[in-house]
2 protein chains.
Amino acid sequence: MGLNPKLTLEDIARMSGVSRSTVSRVINQQPNVSEPVRQRVMDVIHQTGFHPNLAARSLASQRSYIIGLVIPRSVQNLFSDPYIPLLTQGIAQTCNQNNHTLALFLFNTEEDEYKLLPRIRRPGLVDGLIALSTHADDELLTQLRQGDIPYVITGRPMNLPDASYVDVDNLYGAFLAVRHLIHIGYRHIGTITGPLKTTTGMDRLEGYKKALFESFIEYDPRLIVEGDFTQSGGYYAALKILPHQPDAIFIASDYMVLGAIQAFQENGLTVPDDIAVVGFDDLPISSQMSPSLTTIRQPIRPLGAKLVETLLDIIDNGSQPPRRVIFGTELVIRESCGAHQKMVFQGDG
Amino acid sequence: MGLNPKLTLEDIARMSGVSRSTVSRVINQQPNVSEPVRQRVMDVIHQTGFHPNLAARSLASQRSYIIGLVIPRSVQNLFSDPYIPLLTQGIAQTCNQNNHTLALFLFNTEEDEYKLLPRIRRPGLVDGLIALSTHADDELLTQLRQGDIPYVITGRPMNLPDASYVDVDNLYGAFLAVRHLIHIGYRHIGTITGPLKTTTGMDRLEGYKKALFESFIEYDPRLIVEGDFTQSGGYYAALKILPHQPDAIFIASDYMVLGAIQAFQENGLTVPDDIAVVGFDDLPISSQMSPSLTTIRQPIRPLGAKLVETLLDIIDNGSQPPRRVIFGTELVIRESCGAHQKMVFQGDG
DNA sequence: TAAGCTTGTGGGAGCGCTCCCAATTCTTGC
DNA sequence: GCAAGAATTGGGAGCGCTCCCACAAGCTTA
């Protein structure tokens, strides 16, 4: 198993008494190699610990087997939200399973946008890109579209009519959350939204409105406060909404809930007795916190997996027609909504 | 600025009336190119939007300009701790600044350890690796040592005598934290440690002990509870320590503080009135939570930057002698230690 | 038994760079 | 005005693969 330093295909070929081409066929699991030859070559490969040189393979095959994950500057502050690491995990894992390498491109400064993007688009670096969707006016996505690199986007993008994306059903998820609160008996329901420049933020707000509308509850604009998916954003949004005395609140991300609950506590309010809360995401902490959080579960890791699979499909088969995958969401009832205390009612369609 | 698809050095050479070699020299900013020629070539490059093919460059130069970040399975659960994303940011940013690409290798399953590592070590993929240090018996690091790939480790590793690493002064940081608590007047000081299989966990415990020793305070083993750097680990460790009624507690990571504070609240204890808390890390949330957290600040992003710089140094100049960089830490006094209420004393050396 | 398949194998060409050395041009000193 | 040297420039070789085509066997089929 020793790693002889500079072994090449040619070396392995010589050592196993065949040609370079045959060794290549064995390594790439191509057909048209007889079983005894395949065995012999495999033995030599294992004995020598040989691995083909990736740069050479990339050059010859015009594929690098590298997938890039692009995290725009506008979601940088969100990097502390467990959502992104979780998604990254799903993506990384699926890359590994498909024998691809994951390259991470974080845009920190505005300068990066000019410097990094051309670098990413260099030929011979990545086969394709996964981009986190951002607000409408993000330069990044429009630049992507102009390039010739295959890409998918997490979350429905705003102004890219024929982009491929993977998303969750934000509208219906939010709808489930708010309908649940209504079923329990709350009527003065507020919401802390995501950034309303993003489709995610907008869709979840739509779901909120739809649930109220369906139950003929007039909605009070003062009970709708825009957040930004950060913890401190949740905190300040909560402070802003409290004077209008909601009896329940739908918060568009679990991470914002953390900040909001702190605001409630400082104002002497207990969850769920004084104010009921339903979140969105179902992060690992959400079940551990106290009170445990009623929330909308979205399948974050599977989403990451699907992103990779979709991208590989596009790389192999072209970007047309655009792929669109929407994952379902699920209401997870725990303590923070007060369902258990307030009434017998439990399940939800 | 249009991206003509398949431009090569040769094309640029023809278009600017020079040879391939000269274009290469211009692109790589090598000397021995006359100013007018350089100008002419640069103009053509800008007009055409040409970027050299990275796979070809890697093959010819035997450098990929890719750096791998290896996150072992044993720190996977920590991915929700903002520490790792923050570190990753520092690393990514510095990679960009040095025109390197960051590849992310997350080990999710045990299987990955066997499958992924050989892939990482393939020639032509990465120039070097940054590995998060883990507990002593982690297979990963010893495997790294056997390889021929340059690497650095975050945090002093346990059984790698001549590995290069970048770390913070955990011992002195913890010492500062506990000495501060002693200065304020606390005497029954507990600690929730990190995993004691890691040097980080051990060093911070040593610092705790050293501060007590220096003040002739006998330490009570029941006040030392091992945590695991996770939020829920902090919660359970706190529950375990509370019966022994510490008046102050040093918690070895801010993220564990989050869990611990929840345990305190459930037991009706207020911070800092009933129990004083000092953390470690100084995460972004630490200043925002309520009460704001007194903690030991470690320079996470600079640490990431130094990791990259050290690795590049090793790649260029060889791994001997091993590089060792230790960053200093700093006590940040806020509300959770009760210093402001309890006494006039403020500063701390 | 010859002609036509199918299956297995080998080697040339080429992917697009870098690096080295040879060739050319420009300086400079005496 | 010319040799010696420095500064430029060009082109060949090669990095280690993949891909294509040619060729060698073995196997049908008439």
Side-chain angles (χ1 to χ4, degrees), chain A residues 3-42 44-45 48-66 99 119 121-125 127 316, chain B residues 3-42 44-45 48-66 99 119 121-125 127 316:
Chain A
L3 281 206
N4 297 39
K6 296 273 128 194
L7 282 175
T8 73
L9 268 196
E10 209 88 42
D11 295 323
I12 303 301
R14 205 176 322 108
M15 293 168 75
S16 37
V18 296
S19 78
R20 172 171 42 87
S21 300
T22 300
V23 177
S24 172
R25 274 187 282 262
V26 170
I27 286 177
N28 295 302
Q29 309 187 44
Q30 286 169 12
N32 298 333
V33 180
S34 68
E35 202 41 43
V37 170
R38 163 164 273 129
Q39 239 351 296
R40 190 144 39 95
V41 174
M42 287 296 271
V44 175
I45 289 176
T48 54
F50 169 76
H51 284 290
N53 183 299
L54 286 175
R57 170 194 295 223
S58 295
L59 179 58
S61 68
Q62 306 285 24
R63 279 196 59 166
S64 66
Y65 295 89
I66 295 176
N99 291 313
R119 270 250 318 288
R121 283 165 47 175
R122 272 189 181 186
L125 182 53
D127 290 340
D316 288 333
Chain B
L3 281 206
N4 298 38
K6 297 272 129 195
L7 282 176
T8 73
L9 269 196
E10 210 88 40
D11 295 322
I12 303 301
R14 204 176 323 110
M15 295 169 74
S16 38
V18 295
S19 78
R20 173 171 40 89
S21 299
T22 301
V23 178
S24 172
R25 274 187 282 261
V26 170
I27 286 177
N28 296 302
Q29 309 188 44
Q30 286 170 12
N32 298 333
V33 180
S34 68
E35 201 41 42
V37 169
R38 161 166 276 129
Q39 240 349 296
R40 190 146 36 96
V41 173
M42 287 296 270
V44 175
I45 289 177
T48 54
F50 169 76
H51 284 290
N53 182 299
L54 286 175
R57 171 194 292 223
S58 295
L59 179 58
S61 67
Q62 306 285 22
R63 277 195 63 165
S64 66
Y65 295 90
I66 295 176
N99 291 313
R119 268 249 317 289
R121 284 164 48 176
R122 274 188 181 186
L125 182 52
D127 288 342
D316 288 332

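Proteins come first, then strands; the chains are lettered A, B, ... in the order of their sequence lines, and each starts at number 1.
In this structure, CE in A/M15 is found 13.0 Å from CZ in A/R40, a value given to the nearest 0.5 Å. Between A/S24 atom OG and A/Q30 atom CD the span is 6.0 Å, to the nearest 0.5 Å. The CD1 atom of A/I12 sits 13.0 Å away from atom OG of A/S19, with the distance rounded to the nearest 0.5 Å.
Counting any heavy atom pair closer than 4.0 Å across all strands shown, A/S21 reaches a base atom. In this structure, A/Q62 reaches the sugar-phosphate backbone alone: every heavy-atom distance under 4.0 Å involves primed, P, OP1 or OP2 atoms, never a base.
Toward the 5' end of DNA chain C, the nearer of the two residues A/P31 and B/Q30, judged by each one's closest nucleotide, is A/P31. Checking B/R38 against B/L59, the closest nucleotide of DNA chain D that is more toward the 5' end is the one next to B/R38.
Between A/Y65 atom OH and D/dC17 atom P there is a gap of 14 Å when expressed in whole angstrom units. Look at CD on A/E10: it is 9 Å from P on C/dG11, rounded to the nearest Å. In this structure, A/N53 places its CG atom 8 Å from C1' of D/dC17, rounding to the nearest Å. In this structure, A/R25 places its CZ atom 8 Å from P of C/dT9, rounding to the nearest Å. If you measure from atom CZ of A/R122 to atom C1' of C/dG16, you get 13 Å, rounded to the nearest angstrom. One atom, CZ of A/R20, and another, P of D/dC19, lie 13 Å apart when rounded to the nearest Å. Here the P atom of nucleotide C/dA23 and the CG atom of B/N32 are 18 Å apart, to the nearest Å. Regarding B/R40, its CZ atom lies at a distance of 13 Å from the C1' atom of D/dT8, rounded to whole Å.
A sub-4.0 Å separation between OP1 or OP2 of D/dG10 and a side-chain N or O of B/T22 is present. Side-chain nitrogen and oxygen atoms of B/S19 include at least one within less than 4.0 Å of the OP1 or OP2 phosphate oxygen of D/dG10. Neither OP1 nor OP2 of C/dC19 sits under 4.0 Å from any side-chain N or O of B/S24.
If you check C/dC17, D/dC17, C/dT9 against the side chain of A/V37, the one that comes closest is C/dT9. Closest to the A/S61 side chain, of the nucleotides D/dG16, D/dG10, D/dT18, is D/dT18.
Closest approach of A/L54 to B/R122, counting heavy atoms only: CD2-NH1, 3.0 Å. Closest non-hydrogen pair, A/S58 versus B/A55, comes out as CB-CB, 3.5 Å.
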